[in-house]
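The shown structure was predicted, so the numbers you read here are calculated from the model rather than taken from an experiment. Any value given below was found using the heavy atoms of this structure, including those in side chains, with hydrogens, waters and symmetry copies removed.
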Amino acid sequence: QVQLVESGGGLVQPGGSLRLSCTASGLTLEYYTIGWFRQAPGKEREGVSCINSGDTSIFYADSVKGRFAISRDNAKNTVYLQMDSLKPEDTAVYYCALARQGLYIYVSSADYDYWGQGTQVTVSS
């Protein structure tokens, strides 16, 4: 069975940091494009960051550039999203997702084949 389990979310004050983790089972992350998405109340799911299988292409949404960093540890079958300088508008449920075609990066949720259940990130004072 394929499972993606996110962790690391929580409540943080503006300017703080969190590191989200997504650990996969039932497949090997090394061969997939990985995306982080988020969905805030009343908004559509938004692509935050993605990285292709060879780590040669990386995407960040304009709203998070310079603050977030995506990375993977293939040995641990885990992908991370380091989030620094968090803002209240970063509040959302964050999801990791995998695309079977791992050569390219994809910003549309429709291009991803596997999804985790999400982890809540709340940025508030």
Any donor and acceptor pair, going by atom type alone, linking the side chain of E6 with main-chain N or O of C96 inside 3.5 Å?
-> yes
Assess whether atom CD of Q117 is packed by more than 12 heavy atoms of other residues, nucleotides or ligands within 6.0 Å.
-> no
Interatomic distance, OG@S49 vs CD1@I34, rounded to 0.5 Å, equals 10.0 Å
Go through the steps for Y114 and R100 under the test side-chain contact (heavy atoms from CB on, under 4.5 Å), then give the verdict.
-> CA-CA 9 Å; Y114 305 103; R100 292 176 61 249; 4.0 Å; yes
How many angstroms lie between atom OH of Y31 and atom CG of L103, to the nearest 0.5 angstrom?
-> 15.0 Å
With distance as the sole test, does S53 use its side chain to make a donor-acceptor pair with the main-chain N or O of G102 at under 3.5 Å?
-> yes
Has the side chain of R38 got a donor or acceptor atom that lies under 3.5 Å from a matching backbone atom of A92?
-> no
E89, CD: over 12 other non-hydrogen atoms inside 6.0 angstrom = yes
Kindly give the heavy-atom pair with the smallest separation between P14 and S125, and that separation in Å.
-> CD-N, 3.7 Å
Atom OG in S57, atom OH in Y104: separation rounded to 0.5 Å?
-> 9.5 Å
The disulfide bond (SG atoms under 2.5 Å apart) partners of C50 (sequence neighbours excluded) come to none
Is there a chain of hydrophobic side chains (I, L, V, M, F, W, Y, each step under 4.5 Å between heavy atoms) that links V12 to V93?
-> no
Main-chain N/O of S17 paired to D84 side chain as donor or acceptor, under 3.5 Å | no
To the nearest 0.5 Å, how far apart are CD in E44 and OG in S109?
-> 8.5 Å
Under the 3.5 angstrom rule, does the side chain of T119 hit a backbone N or O of G9 as a donor-acceptor pair?
-> yes
So L4 and L98, side-chain contact (heavy atoms from CB on, under 4.5 Å) or not? Walk me through it.
-> CA-CA 9 Å; L4 302 176; L98 307 183; 3.6 Å; yes
Using only heavy-atom distances, determine whether the side chains of S21 and T78 contain a donor-acceptor pair under 3.5 Å.
-> no
Within the distance-only criterion (no hydrogens, no angle test), does the side chain of N77 pair as donor or acceptor with the backbone N or O of T28 below 3.5 angstrom?
-> no
Y95 six-ring centre to R45 NZ/CZ under 6.0 Å and within 45° of normal = yes
Quick one: pull up CD in Q13 and OG1 in T122 and give me the separation to the nearest 0.5 Å.
-> 13.0 Å
Single-linkage hydrophobic cluster, 4.5 Å side-chain cutoff, W36 and F59 together = no
What is the minimum heavy-atom distance between D90 and Y94, and which atoms define it?
-> O-OH, 2.6 Å
Would you mind reporting whether K87 and S63 have side-chain heavy atoms less than 4.5 Å apart?
-> no
Measure up the Y106 and Y112 rings against each other and bin them: parallel (under 30°), tilted (30 to 60°), perpendicular (over 60°).
-> perpendicular
N52 side chain to T33 backbone, donor-acceptor under 3.5 Å | no
Reported CD-to-CG distance for the pair Q1 and L27, which is rounded to 0.5 angstrom | 12.0 Å
Report yes or no: do M83 and I58 belong to one cluster of Ile/Leu/Val/Met/Phe/Trp/Tyr joined by side chain heavy-atom distances under 4.5 Å?
-> yes
Tell me, with the steps shown, if I105 and I51 meet side-chain contact (heavy atoms from CB on, under 4.5 Å).
-> CA-CA 6 Å; I105 57 173; I51 185 168; 5.6 Å; no
Please confirm whether the backbone N or O of L29 pairs with a side-chain atom of R72, one donor and one acceptor, at under 3.5 Å?
-> yes
Could you point out which residue of L81, V79, I70, V48 forms a side-chain contact (heavy atoms from CB on, under 4.5 Å) with L20?
-> L81
Between Y80 and R19: side-chain donor-acceptor atoms closer than 3.5 Å | no
Are D62 and K65 close enough, and set up right, to give a salt bridge (Lys or Arg N to Asp or Glu O under 4.0 Å), and what steps lead you there?
-> CA-CA 5 Å; D62 288 342; K65 284 181 179 177; 3.1 Å; yes
Look at the rings of F37 and W115 and say which category their plane angle falls in: under 30° parallel, 30 to 60° tilted, over 60° perpendicular.
-> tilted
